[in-house]
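First the structure, in the form of structure tokens, and then the observations on it.
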2 protein chains.
Amino acid sequence: MAVSRDQILTKATEHLNHSPAASMAEIAQSVGISRATLHRHFATREALMVALGWRALDAWQGVHERIGLGETPAGERLEETLHALLIAQIEAAENYGFALTEQAMETDRALVTRAEELEAKEIELISACQRAGILRADFPPIWVSNTLYGLLLAVRESLRRGDVARRDIPRLVLETFLRGTTS
Amino acid sequence: MAVSRDQILTKATEHLNHSPAASMAEIAQSVGISRATLHRHFATREALMVALGWRALDAWQGVHERIGLGETPAGERLEETLHALLIAQIEAAENYGFALTEQAMETDRALVTRAEELEAKEIELISACQRAGILRADFPPIWVSNTLYGLLLAVRESLRRGDVARRDIPRLVLETFLRGTTS
DNA sequence: CTAATTTGCGACATCGGTGTCTCATCATAC
DNA sequence: GTATGATGAGACACCGATGTCGCAAATTAG
């Protein structure tokens with residue numbers, strides 16, 4: 001095979017990141033293969049999207065493993081873990097931003113389930129941070145989680161429109177998320 | 001006419017808010033009219049979307065007028081104006097949330113131009129707030145604006161999923177935007 | 001070189017959404 | 001009542017995207 005399944009997924013991800021409604025024909029072209037070959041690897045558009053979704057969730061889970069989430073973190077490392085999560089999420093969103101609004105993520109049962117599990121782990125961390133006084137406790141944890149979601153969408157939009165430089169993103173998100181916009 | 005153009009737009013807006021990719025047939029059904037009648041009022045889907053876009057921008061501009069934006073606000077009223085803007089934007093987003101991601105808003109020249117003008121006014125306010133020390137000055141104003149955009153998307157998502165109560169939204173957004181999630 | 005495999009190309013049927021049209025029906029105004 | 005105008009139902013053609021297929025060319029393995 002001239003083009004591996006993994007290469008297809010990578011190229012498709014890149015293309016969908018700046019053209020989320022692309023057709024199979026567009027995706028095939030961006031990968032550099034024919035429509036037929038693309039269909040040989042992924043029978044339907046749905047199948048392709050689900051495969052991309054799993055890959056995005058792999059990256060998300062990779063973030064969790066890398067920062068040691070789910071290992072009942074001691075109080076000392078809570079803040080450190082939270083910051084690492086934010087940084088890693090930004091990076092993941094830059095690569096898999098399209099998945100943030102891909103509707104296959106809400107259609108496919110398995111994807112939904114897995115995404116909920118990952119989200120639950122983050123909410124657990126947020127709750128722990130609230131109990132430890134690191135994060136304010138007068139917000140529902142789910143709102144804090146959704147806030148991060150919104151900021152990642154703001155990142156995607158900022159990059160797409162060229163509003164801010166890529167290298168500034170981590171600082172902007174971290175500061176905005178943690179301290180807000182007030183001086 | 002049993003159903004006025006305005007009623008159609010209102011119902012269509014409601015339906016698109018929880019089903020942003022709805023077809024003309026679905027929209028007609030949600031309005032309670034036939035597909036033919038819908039097409040009599042709006043020849044094409046594009047025309048309908050543009051009309052909805054103008055309405056959303058009318059609401060947005062209405063927010064600006066109500067809080068007196070663009071009248072070279074004195075320093076004293078800057079903070080007050082900013083807070084009013086945030087509150088009003090939340091309310092507008094609850095009604096016209098679908099417009100935040102409707103691609104007609106990026107396709108139609110006139111809509112783009114008008115949206116840019118409105119955005120520019122807000123960025124002006126943000127800049128003024130930064131100069132007055134109300135908002136931190138180490139963020140590009142456009143990022144602050146995009147942050148608000150992201151938070152409004154978080155609101156839309158939170159309401160769609162039923163994560164938080166509608167009445168809590170203003171406090172959550174205001175506090176998150178201004179002070180962040182840290183205690 | 002040869003055989004097996006993979007690919008690209010083009011044709012094809014299918015499907016759903018769109019936009020147009022006709023005609024019968026219904027409400028309203030006069 | 002009659003006339004006017006809006007509506008709903010249904011049929012139709014059109015379009016773009018999807019998914020399938022066969023075949024020839026190219027690549028790879030042996």
Side-chain angles (χ1 to χ4, degrees), chain A residues 1-56 98-99 101-111, chain B residues 1-56 97-111:
Chain A
M1 269 197 241
V3 185
S4 75
R5 174 190 161 98
D6 232 52
Q7 285 174 299
I8 293 176
L9 291 176
T10 300
K11 292 275 191 179
T13 297
E14 289 170 15
H15 188 255
L16 286 170
N17 268 337
H18 81 68
S19 184
S23 67
M24 290 292 271
E26 283 178 287
I27 295 172
Q29 188 180 8
S30 78
V31 176
I33 60 178
S34 73
R35 210 162 62 86
T37 302
L38 180 55
H39 272 289
R40 282 185 192 106
H41 284 272
F42 304 95
T44 70
R45 183 178 219 281
E46 180 72 9
L48 172 60
M49 291 306 167
V50 170
L52 288 168
W54 278 98
R55 214 152 172 261
F98 80 94
T101 50
E102 173 56 46
Q103 134 249 45
M105 301 293 296
E106 302 177 12
T107 303
D108 186 86
R109 282 292 181 89
L111 283 178
Chain B
M1 269 198 239
V3 186
S4 76
R5 174 190 161 99
D6 232 52
Q7 286 174 298
I8 293 176
L9 291 176
T10 300
K11 293 275 193 180
T13 296
E14 289 171 14
H15 188 257
L16 286 169
N17 268 336
H18 80 68
S19 184
S23 68
M24 290 293 270
E26 284 178 287
I27 295 172
Q29 189 180 7
S30 79
V31 176
I33 60 178
S34 72
R35 210 163 63 86
T37 301
L38 180 55
H39 273 289
R40 282 186 193 105
H41 284 271
F42 304 96
T44 71
R45 183 178 219 281
E46 180 71 8
L48 172 60
M49 291 307 167
V50 170
L52 289 168
W54 279 99
R55 216 155 172 259
F98 80 94
L100 290 171
T101 50
E102 173 57 46
Q103 132 250 46
M105 301 293 296
E106 302 177 12
T107 303
D108 186 87
R109 281 293 180 89
L111 283 178

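All chains are named by letter (A, B, ...) in the order of the sequence lines, taking the proteins before the strands, and each is independently numbered beginning at 1. Note that the structure is a prediction, hence the values are computed from the model and not measured.
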Can you measure A:Phe42 atom CZ to D:dA17 atom P for me and round it to whole angstrom units?
20 Å
Return the nearest nucleotide to the side chain of B:Ala36; candidates are C:dG8, D:dG10, C:dT18.
D:dG10
As a test of reading the structure: which of C:dG10, D:dT18, D:dT7 is closest to the side chain of B:His41, going by heavy atoms?
D:dT7
Residue met sooner reading DNA chain D from 5', once B:Thr37 and A:His39 are mapped to nucleotides:
B:Thr37
To the nearest Å, how far apart are B:Leu38 CG and D:dA9 C1'?
15 Å
Neighbour count above 12 (heavy atom, 6.0 Å) for A:Gln103 CD:
no
Would you kindly give the CZ-to-C1' distance between A:Arg35 and C:dT14, to the nearest whole Å?
12 Å
Does the side chain of B:Arg45 pick up a donor-acceptor pair with the side chain of B:Ser23 at under 3.5 Å?
no
Taking all non-hydrogen atoms of both residues, which atom of A:Leu9 and which atom of A:Ala51 are closest, and how far apart?
CD2-CB, 4.0 Å
In this structure, CG of B:Leu52 is separated from CZ of B:Phe98 (nearest 0.5 Å) by 4.5 Å
Whole angstrom is fine here: how far is it from CZ in A:Arg40 over to C1' in D:dG22?
10 Å
Distance, rounded to the nearest Å, where A:Arg45 contributes CZ and C:dC15 contributes P:
19 Å
